[in-house]
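Down below is the structure, laid out as structure tokens.
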Amino acid sequence: MTTDLWWKHGTIYQIYPRSFHDGNGDGIGDIEGIRSKLDYLSWLGIDAIWISPIFQSPMADFGYDISDYQAVDPIFGGLDDVDRLLAEAHGRGIKVLLDLVPNHTSDRHRWFLESRSGRGSARRDWYMWRDPAPGGGPPNNWLSVFGGSAWTLDPASGQYYYHAFLPEQPDLNWRNRDVREAMHATMRFWLDRGVDGFRVDVIWHLIKDDLFRDNPVNHHYKPGQSPYARLNPEYSSDRPEVHEVIAEMRAVLDGYPDARLLIGEIYLPVERLMTYYGADLGGVHLPFNFQLLQTAWNAPAIAALIRDYEDALPQNGWPNWVLGNHDTSRIATRVGPAQARIAAMLLLTLRGTPTLYYGDEIGMADVSIPADRTQDPVGRRIPGLGLGRDPERTPMRWNDGPGAGFTTAEPWLPIGPDTAIINVAAQERDPHSMLSLHRRLLQVRREQPALRTGAWRLAHCGARSLTYERYEASQRILVALNLGAEPVDAATVPGAGGRILVSTHLDREGEVVKDTVALRADEGIVIG
Ligand code: GLC
Ligand code: CA
């Protein structure tokens with residue numbers, strides 16, 4: 001297995017297309033907007049973009065409810081725009097990953113309309129239809145991730161259909177061979193156009209228990225958690241048969257040259273996550289590793305999770321790390337702006353492929369959304385728990401002008417405060433900015449083989465600081481992170497002294513380090 005595949009040494013940048021850049025002035029980001037910012041992305045130094053869904057959709061879940069997998073939604077543009085984006089991204093050496101949403105369609109997809117047309121429909125079995133429970137009511141106790149029962153009654157046929165998310169997102173029946181083939185055809189449609197791979201939405205949900213057994217009660221449920229957590233989704237997700245489905249998807253990709261990439265969105269404990277690499281590594285190349293999204297932010301917790309993850313990896317399984325996405329509160333909000341710099345250094349110096357969420361490179365924080373501007377259906381269906389995802393989906397800030405350079409119209413979500421400092425134009429000029437830090441870290445990562453592909457080893461973990469090594473052949477890089485707001489002396493390892501390649505404060509480059517290194521509050525350094 002070679003280590004120089006593009007997706008092993010590259011950095012992925014996630015674009016939420018509604019919020020990246022608005023090319024036609026309607027207040028919503030689009031494909032032309034992304035194309036017009038490719039120079040920025042190559043200047044930043046990323047290697048691939050993953051674009052959240054751009055396909056035809058009624059937008060009940062902002063594109064995660066697809067009504068035609070092979071058409072672009074007019075909000076975002078057309079197929080021509082995708083072709084042009086692919087050509088221009090590839091011209092700059094940037095790969096393009098699309099979001100594949102195979103678990104469910106929109107309820108307006110013609111497949112579902114046909115399926116719902118009657119019990120005898122040729123596509124009835126493409127979705128999951130069940131009779132009511134013997135005493136009436138939903139067929140079993142399965143819950144929707146987005147609140148309420150996962151079953152909705154279709155009065156015309158008297159049967160219920162299953163939806164892991166919104167009622168507008170009916171789940172496909174992946175036990176049906178024709179469903180599989182239709183989705184493989186969709187994959188080929190995009191791969192033939194030159195797409196470099198897919199991030200597959202909720203891949204661990206694809207297969208459900210064939211007996212539709214009730215899910216057991218979760219005795220660890222705490223009030224304040226999502227109501228979905230009341231049950232353990234043992235029978236509605238992470239079923240053994242899912243791996244065969246994934247292996248078939250992988251085989252579709254393997255039929256293409258140039259190392260196309262398959263990433264799986266999987267929220268599971270580490271031991272379960274690892275099974276998604278597949279037998280003989282024929283599963284997804286990268287099962288998204290979301291631990292940094294969920295961890296307590298302190299040195300011992302982070303050291304333990306890195307070690308456990310490294311230890312759990314199967315042989316030749318390539319690691320990956322995620323710090324933010326469109327479903328989670330932003331890192332600058334979770335840990336504060338100063339520690340967000342430490343987080344960036346961590347993300348970009350760990351072993352494995354990093355995924356960077358748009359806007360995190362300029363330190364964007366969650367934006368609180370007034371109730372009358374709420375867009376996310378989750379925020380509306382489960383109010384009061386802070387589960388709405390609009391705060392982390394607000395427009396990218398390109399400058400401090402009106403509309404933050406994102407749009408000339410009223411933006412679909414508010415821009416938010418702090419635009420004078422938190423914008424690309426201001427930070428490009430500032431050698432100490434969060435953006436300059438990201439660019440420098442990406443540069444160092446590219447230049448140092450030990451950071452790109454070297455092994456990882458914990459050097460020292462204190463109560464407040466964490467030091468680790470990355471090494472390959474004779475090269476050794478040391479990363480020392482202060483996880484707190486007090487200065488701390490971090491031990492290096494014998495013989496690992498050297499010069500500072502980058503500090504989170506961007507002011508100590510070239511300084512010589514011997515046996516210990518004094519870290520200022522919230523400071524991290526890379527020594528090479
Ligand atoms: C994934 C997506 C999320 C979406 C859900 C349903 O978790 O990341 O945004 O709402 O799937 O498709
Ligand atoms: Ca637009």
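This is a predicted model, so every value here is computed, not measured. In this chain, residues are counted from 1 in sequence order. All ligand and atom numbering here is 1-based and tracks the order in the structure.
The minimum distance between the Ca ion (ligand 2) and any N, O or S atom of Asp30 involves atom OD2.
Shown in contact with Val202 at under 4.0 Å from a heavy atom are these atoms of ligand 1, numbered in order with element: 1 (C), 7 (O), 11 (O). Contact atoms of ligand 1 toward Arg389: 3 (C), 4 (C), 9 (O), 10 (O) (distance under 4.0 Å to a heavy atom of the residue). If you number the atoms of ligand 1 from 1 as listed, the ones under 4.0 Å from a heavy atom of His104 come out as 6 (C), 12 (O). In summary, the atoms of ligand 1 found under 4.0 Å from a heavy atom of Arg393, numbered by their order in the structure, are 9 (O).
Distances from the Ca ion (ligand 2) show that Ile28 has an N/O/S atom below 3.0 Å. Taking backbone and side-chain atoms together, Thr407 has no N/O/S atom less than 3.0 Å away from the Ca ion (ligand 2). Distances from the Ca ion (ligand 2) show that Asp26 has an N/O/S atom below 3.0 Å.
Residue contacts with ligand 1, taken as heavy atom pairs separated by less than 4.0 Å, do not involve His163 at all. Neither the backbone nor the side chain of His205 comes within 4.0 Å of ligand 1, counting heavy atoms alone.
Exactly one of Lys208, His205, His163 qualifies for a side-chain hydrogen bond (donor to acceptor under 3.5 Å, both in side chains) with Asp171. That residue is Lys208. Each of Leu293, Ile306, Thr355 was compared with Trp321 under the side-chain contact (heavy atoms from CB on, under 4.5 Å) criterion, and only Ile306 meets it.
Aromatic pair Tyr40/His21: centroids not less than 6.0 angstrom apart.
For atom 7 (O) of ligand 1, the closest non-hydrogen atom of the protein is Glu265 OE2, 2.8 Å.
Note that CD1 of Ile66 is 7.5 Å distant from CG of Leu100, once rounded to the nearest 0.5 Å. Between Ile28 atom CD1 and Ile75 atom CD1 the span is 4.5 Å, to the nearest 0.5 Å.
A tilted orientation is assigned to the rings of Trp174 and His184, their planes being inclined by 30° to 60°.
The angle subtended at the Ca ion (ligand 2) by OD1 of Asn24 and OD1 of Asp22 is 80°, given to the nearest 10°.
Within the structure, the closest approach of Phe146 to ligand 1 falls below 4.0 Å when heavy atoms are considered.
Of the candidates Asp327, Asp201, Val200, Asp201 brings a heavy atom nearest to atom 1 (C) of ligand 1. Among Asp61, Leu166, Val378, the residue whose heavy atom lies nearest to atom 4 (C) of ligand 1 is Asp61.
With hydrogens and angles ignored, the 3.5 Å screen pairs no side-chain donor or acceptor of Arg175 with any backbone N or O of Ile207. When atom types are taken as modelled, the side chain of Asp390 and the backbone of Thr374 share no donor-acceptor pair closer than 3.5 angstrom. At least one donor-acceptor pair closer than 3.5 Å links the side chain of Asp65 to the backbone N or O of Asp61.
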Exercise. Is there a side-chain contact (heavy atoms from CB on, under 4.5 Å) between Glu248 and Met183 once you walk through the steps?
Worked result: CA-CA 11 Å; Glu248 288 179 8; Met183 205 57 69; over 6 Å; no

